[in-house]
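Notes to accompany the following structure.
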Amino acid sequence: MTGGEAGEALESFAAEVGADGPVAVVGGRTHWEVGGRCPEETRLMRAPVGVRSFDPADMTIRVGAGTPAEELDTALAEAGQRANLPVLPGATVGGVLAVGRDDEHALGRGRLRDALLEAVYVADDGRLVTAGGPTVKNVSGFDLCRLLVGSLGTLGLLGEVILRTWPRPATQRWLAGPCDPVELRRLLFSPSSILWDGNTVWVHLEGHESDVEAETDLARSLGCEPTDGPPPLPAYRVPTGALKAEGFPGNYVVQVGTGSAYVSEPISLSEPDPAVISLHRRLKAQFDPRGRLNPGRDPLAAA
């Protein structure tokens, strides 16, 4: 898609959003009810799709927010690169960013919010707004891009994004065994993921072949052996501290080193700090004073 065509798609998207009435963007509906449901009278629309530009040497890619995450991953794979976005079947790039949930590789690959460099979004009054910039070291002052990640579209409706990319590793390997997750993390240099269900540890190694082989030997010394992949992850994600507080009786998988865990049953969490609630309300009042963007959604509830 040419720059002119991309600009026209964004202008058309903004015009469709308009300046009045409740409105929400539909992605792949993989996490459609996270944070609450939109009222029935909410207008639903799709964000622009397609890769706008990609120069592998720059290690950035510009895509429409409605682009399927799998399509983005395929385009980057052809150049030996990847973006640190969860590749969920059916999910869109904008949807993944709006929900803002890291995948099981956050320990080594970094947080999802670190992948977003620039966002073009539609504000509550229908204007197109650009936040961030097209290079890695471009932020001064308030980092609006990272604020949009995990906001569930309640501060702005994503139309187009520039994502940072990384080289795809030459070698990847999962190992598992009944070892100590804390000792495993201390011993290994840079695992991309360590998961623990209270009995078994799964660790993912990636990088140059020689480095992965050396790390594999270390993991094997603690009782881990190569396996096909990670365990099935339970449906609900919570802070690891919630497991201790509840004495959780169900199945769980701790994402070691990130403060997160996956659990098989919902857990009642304590209310956010009043200062956090106050900040959230002030931001909403500033960016969407009429409450028309993705109404019914609450990022605090989703968290």
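Any value given below was found using the heavy atoms of this structure, including those in side chains, with hydrogens, waters and symmetry copies removed.
Both Leu107 and Leu218 sit in one connected hydrophobic cluster of ILVMFWY residues. Membership requires side-chain heavy atoms under 4.5 Å apart, directly or through other members. Grouping the Ile, Leu, Val, Met, Phe, Trp and Tyr side chains by contacts below 4.5 angstrom, directly or via other members, places Leu158 apart from Val99. No chain of hydrophobic side-chain contacts below 4.5 Å, direct or via other Ile, Leu, Val, Met, Phe, Trp or Tyr residues, connects Leu88 to Val63. Leu116 is connected to Leu144 through a chain of hydrophobic side-chain contacts under 4.5 Å among Ile, Leu, Val, Met, Phe, Trp and Tyr, so both are in one cluster. Leu152 and Val96 are not part of a single hydrophobic cluster, where members link through side-chain heavy atoms under 4.5 Å apart.
For the residue pair Thr216 / Arg173, a side-chain donor-acceptor distance below 3.5 Å is found, with atom types taken as modelled.
A salt bridge is absent between Asp103 and Arg111: the closest approach of a Lys/Arg side-chain nitrogen to an acidic carboxylate oxygen does not fall below 4.0 angstrom. In summary, Arg292 and Asp124 do not engage in a salt bridge, as defined by a charged side-chain N under 4.0 Å from a carboxylate O. Taking the charged nitrogens against the carboxylate oxygens, Arg185 and Glu215 have no contact shorter than 4.0 Å, which rules out a salt bridge. Of the charged side-chain nitrogens involved, none lies within less than 4.0 Å of a carboxylate oxygen, so that Glu16 and Arg43 do not count as a salt-bridged pair. Note on Asp114 versus Arg146: salt bridge recorded, some NZ/NE/NH1/NH2 to OD/OE distance being below 4.0 Å. Of the charged side-chain nitrogens involved, at least one lies within less than 4.0 Å of a carboxylate oxygen, so that Arg109 and Glu206 count as a salt-bridged pair.
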Dump the intermediate steps for side chain to side chain contact (heavy atoms under 4.5 Å, CB included) on Leu155 and Leu148, then the final yes or no. CA-CA 7 Å; Leu155 303 180; Leu148 294 172; 4.2 Å; yes
Should Leu293 and Val23 be marked as a side chain to side chain contact (heavy atoms under 4.5 Å, CB included) after you check the CA-CA gap, both sets of side-chain angles, and the distance that decides it? CA-CA 5 Å; Leu293 304 180; Val23 61; 4.0 Å; yes
Between Glu118 and Val161, does a side chain to side chain contact (heavy atoms under 4.5 Å, CB included) hold up when you go through it step by step? CA-CA 6 Å; Glu118 180 180 290; Val161 298; over 6 Å; no
Would you sort out whether Glu183 and Leu222 count as a side chain to side chain contact (heavy atoms under 4.5 Å, CB included), showing the intermediate values? CA-CA 8 Å; Glu183 179 65 12; Leu222 294 180; 4.0 Å; yes
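Closest of all the heavy-atom pairs between Leu85 and Ala115 is CD1-CB, 3.9 Å.
Trp202 is listed as a side-chain neighbour of Asp197, based on a closest heavy-atom distance under 4.5 Å. Side-chain contact check for Leu184 versus Val203: some heavy-atom pair is nearer than 4.5 Å.
Take Trp174 and apply the ring pair (Phe, Tyr, Trp, His ring centres under 6.0 Å) test, not counting sequence neighbours, and it matches His105, His204. In this structure, His31 has no ring pair (Phe, Tyr, Trp, His ring centres under 6.0 Å) partners at least two apart in sequence or on a different chain. Every residue meeting the side-chain contact (heavy atoms from CB on, under 4.5 Å) condition with Tyr236, not counting sequence neighbours, appears here in chain and number order: Val263, Pro266.
Between the side chain of Thr165 and the backbone N or O of Arg82, no donor-acceptor pair lies under 3.5 Å. Looking only at distances, a side-chain donor or acceptor of Thr74 sits under 3.5 Å from a matching main-chain atom of Glu70.
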